[in-house]
Protein chains: 2
Amino acid sequence: MESFIQYLKSFTPLYADQIDALTALLTLEKLQPNEYLLEVGMYCNKIAFIQQGVFRIYFYNNEGEEITRYFLAENQFVVDLNAFNNQVVSSEYIQSVTDSEVVILSRTAFDQMSTIIPEWDKVIKAITEKALMEKLFNRSNMVGQSAKSKYLDFLTTHPKLANRIPLGHLASYLGIKQQSLSRIRKEIVLP
Amino acid sequence: MESFIQYLKSFTPLYADQIDALTALLTLEKLQPNEYLLEVGMYCNKIAFIQQGVFRIYFYNNEGEEITRYFLAENQFVVDLNAFNNQVVSSEYIQSVTDSEVVILSRTAFDQMSTIIPEWDKVIKAITEKALMEKLFNRSNMVGQSAKSKYLDFLTTHPKLANRIPLGHLASYLGIKQQSLSRIRKEIVLP
DNA sequence: CAATCCATTTCACATTTGTTAAAAACGACT
DNA sequence: AGTCGTTTTTAACAAATGTGAAATGGATTG
C-alpha cells in the first residue's frame, strides 16, 4: 500500500487518519506472470494501481493476431476505462507480464474515495487526462515511423521496460514482426 | 450558435434563459481555408466548437516534415488540451482546412459555463475522455497496419471527410507518402 | 487563350519490412 | 548433463513502401 500512498501524496497532502481509511478500504492483490486482471467479455468493476510489476493490454485483431495496445508499470493505474465507466464488457485482456502486486480499488471503494480525499475527483481527472494524452501522443508519434525509430523511441521513452518484457510482446506493440525487431536489434548493437 | 446548442442539449436539457446566457457569453468566428486557430508558440486561451468546416492539427517533426496529428469536423471541440489546461505554449498548429465557423469559448467564458449549466463539469469530462479515447483507439489501431488498410479504415471511420481534405494532409495523417496514397487509391478503384 | 500555380498521378528503382522455415539459445525440470 | 518447451535469432526470398523526378490535370489569372 505504501507506494500508492506515496503516489497520492504527490497530488494532495494526506493525514494519518486518511491513510488509515484508505488502508481499510483498499486491498492488495498479487499476480504471477501471465495471470489476468481482466479478460475479454468480463465486466470491469475495479481499478488497479501497480505497485510492482509490468502489465500489458492486448486484444486479437481480425487476423487472430495478438496486438499489444500498451504496457503499464509501477505507479500507474490499469483499467479498461471504457468498460469501467460505461459498465460494458471488456474488449481487451489485461495481463500481468511479470510477478506483480497491485492495489485494488473496487467500484464501491472508488466511489467512496472522494469521502476520504476531498479533491479526489480533480485528482483522478488530472491523472486520467494526462495518461490518455501521453498514450495518444506516443501512439500518434509511432504512426508512419520506421521500425527502427519506433524501437529506439521505445527505448528512450521506457528505458527500464524493454528488458522486462518478451520481445514478441514488444514487437506486437511496435506493430512489427518479431523477426524484424530481432533484425533491428542486431543492426543497432554492432556499428 | 444553433448547432452548438443542439449539441449541448444531447447531454443536458437547456431552458430558454440558459440559452440566452450562452448566446451572450459566447462568440462566433469564421475562418477561411488555411487560417490558423492556434499556432506553435502561442498560448491557448480558448476552446472552439466546430459548427461548420474541417480543421487539422499538425506539427513539424525532426526532419521538418508536416505531420498531421488528426482532423476535426462539425460538432467537435478543437483545442490544444495540454496548452489550455497547463497554460503552456502550444506545440502544434490548428488550421482550418475549409471555410469554417466556430463557437469560441474564451477561458473566462469556459470558467463561467458551470454557472449557466450546473452539470458542465461532468459534461465536459465525459466529452473530453470520450474524445481522447476515440483518438487513442484510432491511432493505436493504425500502428503496424498496411497503408491500404489505414486508408480503407479512414474511409469507413470518416466517410464524409476524405473528399474534403487535400490528399497530402491525409497521407501525412496516415503516416505514408502522398505518392503511396495515390498508388493505393488507384489499386482500390479498378478491380 | 496562354501562363502559372498547385495538387495529384505516374514511373523506375532503392530500401524496408513481411514471410516462411529452420537453427540456436535459453530456462525449467528431471 | 539431458530433455522438453519456449523464446530469440538467422537466412533467403517476396511484397510493400519510400525516393526522386517528371508528367498530368484543374483552377485561376493576366
Side-chain angles (χ1 to χ4, degrees), chain A residues 32-36 54 56 58 60-68 71 93 95-99 139-155 161-191, chain B residues 32-35 54 56 58 60-68 71 95-99 141-155 161-191:
Chain A
Q32 297 185 335
N34 302 322
E35 275 195 274
Y36 291 96
V54 178
R56 71 173 181 132
Y58 74 92
Y60 291 93
N61 70 3
N62 298 332
E63 285 81 40
E65 299 165 316
E66 265 183 22
I67 308 291
T68 298
F71 297 101
Y93 295 89
Q95 186 187 42
S96 178
V97 175
T98 63
D99 280 301
R139 270 321 204 178
S140 106
N141 279 350
M142 289 172 68
V143 176
Q145 289 284 94
S146 74
K148 189 188 288 189
S149 7
K150 285 189 282 189
Y151 177 60
L152 290 175
D153 271 13
F154 184 86
L155 290 184
L161 221 48
N163 41 13
R164 300 175 75 186
I165 50 187
L167 274 200
H169 294 168
L170 178 51
S172 134
Y173 172 72
L174 298 176
I176 61 181
K177 296 295 163 214
Q178 177 167 339
Q179 294 91 318
S180 301
L181 180 52
S182 202
R183 173 163 45 197
I184 286 161
R185 280 156 55 95
K186 189 180 167 189
E187 283 176 34
I188 292 172
V189 173
L190 295 178
Chain B
Q32 295 184 336
N34 303 322
E35 275 194 274
V54 179
R56 71 171 180 132
Y58 75 91
Y60 291 93
N61 71 4
N62 299 332
E63 285 81 39
E65 299 164 316
E66 263 183 24
I67 307 291
T68 298
F71 298 101
Q95 186 187 43
S96 179
V97 176
T98 64
D99 280 300
N141 279 349
M142 290 172 69
V143 177
Q145 289 284 96
S146 74
K148 190 189 286 187
S149 3
K150 285 189 283 189
Y151 177 60
L152 291 175
D153 269 16
F154 184 86
L155 290 185
L161 222 47
N163 41 13
R164 300 176 75 186
I165 51 188
L167 275 201
H169 295 168
L170 179 51
S172 134
Y173 172 73
L174 298 176
I176 61 181
K177 297 294 162 215
Q178 178 166 339
Q179 294 93 314
S180 300
L181 180 53
S182 202
R183 174 163 45 195
I184 286 161
R185 279 156 55 96
K186 189 180 168 192
E187 283 175 33
I188 291 172
V189 174
L190 294 178

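This is a predicted model, so every value here is computed, not measured. Just so we're on the same page: letters track the sequence lines, and every chain starts at 1.
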Note to self: Treating primed atoms plus P, OP1 and OP2 as sugar-phosphate and everything else as base, which nucleotides of nucleotides 11-22 of chain C get B, S or - for protein heavy atoms under 4.0 Å?
What the structure shows: S-----BBSBB-
Item checked: Atom pair CD1 (A/Ile67) and OH (A/Tyr173), whose distance is rounded to the nearest 0.5 Å -> 13.0 Å
Item checked: A/Leu181 CG to A/Leu167 CG distance, which is reported to the nearest 0.5 Å ->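 The distance works out to 5.0 Å.
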Check: Within this structure, what is the CD-to-C1' distance between A/Gln178 and C/dA24, rounded to whole angstrom?
Finding: 14 Å
Next item on the list: Provide, to the nearest angstrom, the distance between the CG atom belonging to A/Leu167 and the C1' atom belonging to C/dA24.
Entry: 15 Å
Next item on the list: Begin from the C-alpha positions of B/Ile184 and B/Ile176 and carry the test side chain to side chain contact (heavy atoms under 4.5 Å, CB included) through to its verdict.
Entry: CA-CA 11 Å; B/Ile184 286 161; B/Ile176 61 181; 4.3 Å; yes
Item checked: Beyond-backbone contact of B/Pro33 with B/Val97, side-chain heavy atoms, under 4.5 angstrom -> no
Margin query: What is the first contacted nucleotide of DNA chain D and what is the last, in 5' to 3' order, if contact means an atom lying under 4.0 angstrom from a heavy atom of chain A?
Written below: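 Footprint of chain A along DNA chain D, 5' to 3': D/dT8 to D/dA11.
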Next item on the list: Taking side-chain hydrogen bond (donor to acceptor under 3.5 Å, both in side chains) as the test, write out the residues that go with A/Ser96, two or more places apart.
Entry: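 Per chain and number, A/Ser96 pairs via side-chain hydrogen bond (donor to acceptor under 3.5 Å, both in side chains) with A/Ser100.
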Notebook entry, point to check: Do side-chain atoms of B/Thr98 reach the backbone of B/Val54 as a donor and acceptor pair under 3.5 angstrom?
Noted result: yes
Check: side-chain contact (heavy atoms from CB on, under 4.5 Å) with B/Glu66: which residues, sequence neighbours excluded?
Finding: B/Arg56, B/Tyr58, B/Tyr60, B/His169
Checklist line | side-chain contact (heavy atoms from CB on, under 4.5 Å) partners for A/Ser140, two or more places apart | finding: B/Arg69, B/Arg139
Notebook entry, point to check: What bend angle does the helix from C/dC1-D/dG30 to C/dT30-D/dA1 show across its length, from five-pair end axes and to the nearest 10 degrees?
Noted result: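 Between the first-five-pair axis and the last-five-pair axis there is 30°.
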Next item on the list: Please list all pairs passing the salt bridge (Lys or Arg N to Asp or Glu O under 4.0 Å) test where one or both residues lie in residues 161-177 of chain A, with sequence neighbours left out.
Entry: A/Glu65-A/Lys177, A/Glu74-A/Arg164
Just list the side-chain donor-acceptor pairs under 3.5 Å for residues 143-155 of chain B, sequence neighbours left out, or say none.
unit_1: B/Ser146; atom_1: OG; unit_2: B/Ser149; atom_2: N; d: 3.2
unit_1: B/Ser146; atom_1: OG; unit_2: B/Ser149; atom_2: OG; d: 2.6
unit_1: B/Lys148; atom_1: NZ; unit_2: B/Glu187; atom_2: OE1; d: 3.2
unit_1: B/Ser149; atom_1: OG; unit_2: B/Ser146; atom_2: O; d: 3.4
unit_1: B/Lys150; atom_1: NZ; unit_2: B/Leu174; atom_2: O; d: 2.8
unit_1: B/Tyr151; atom_1: OH; unit_2: B/Arg185; atom_2: NH1; d: 3.4

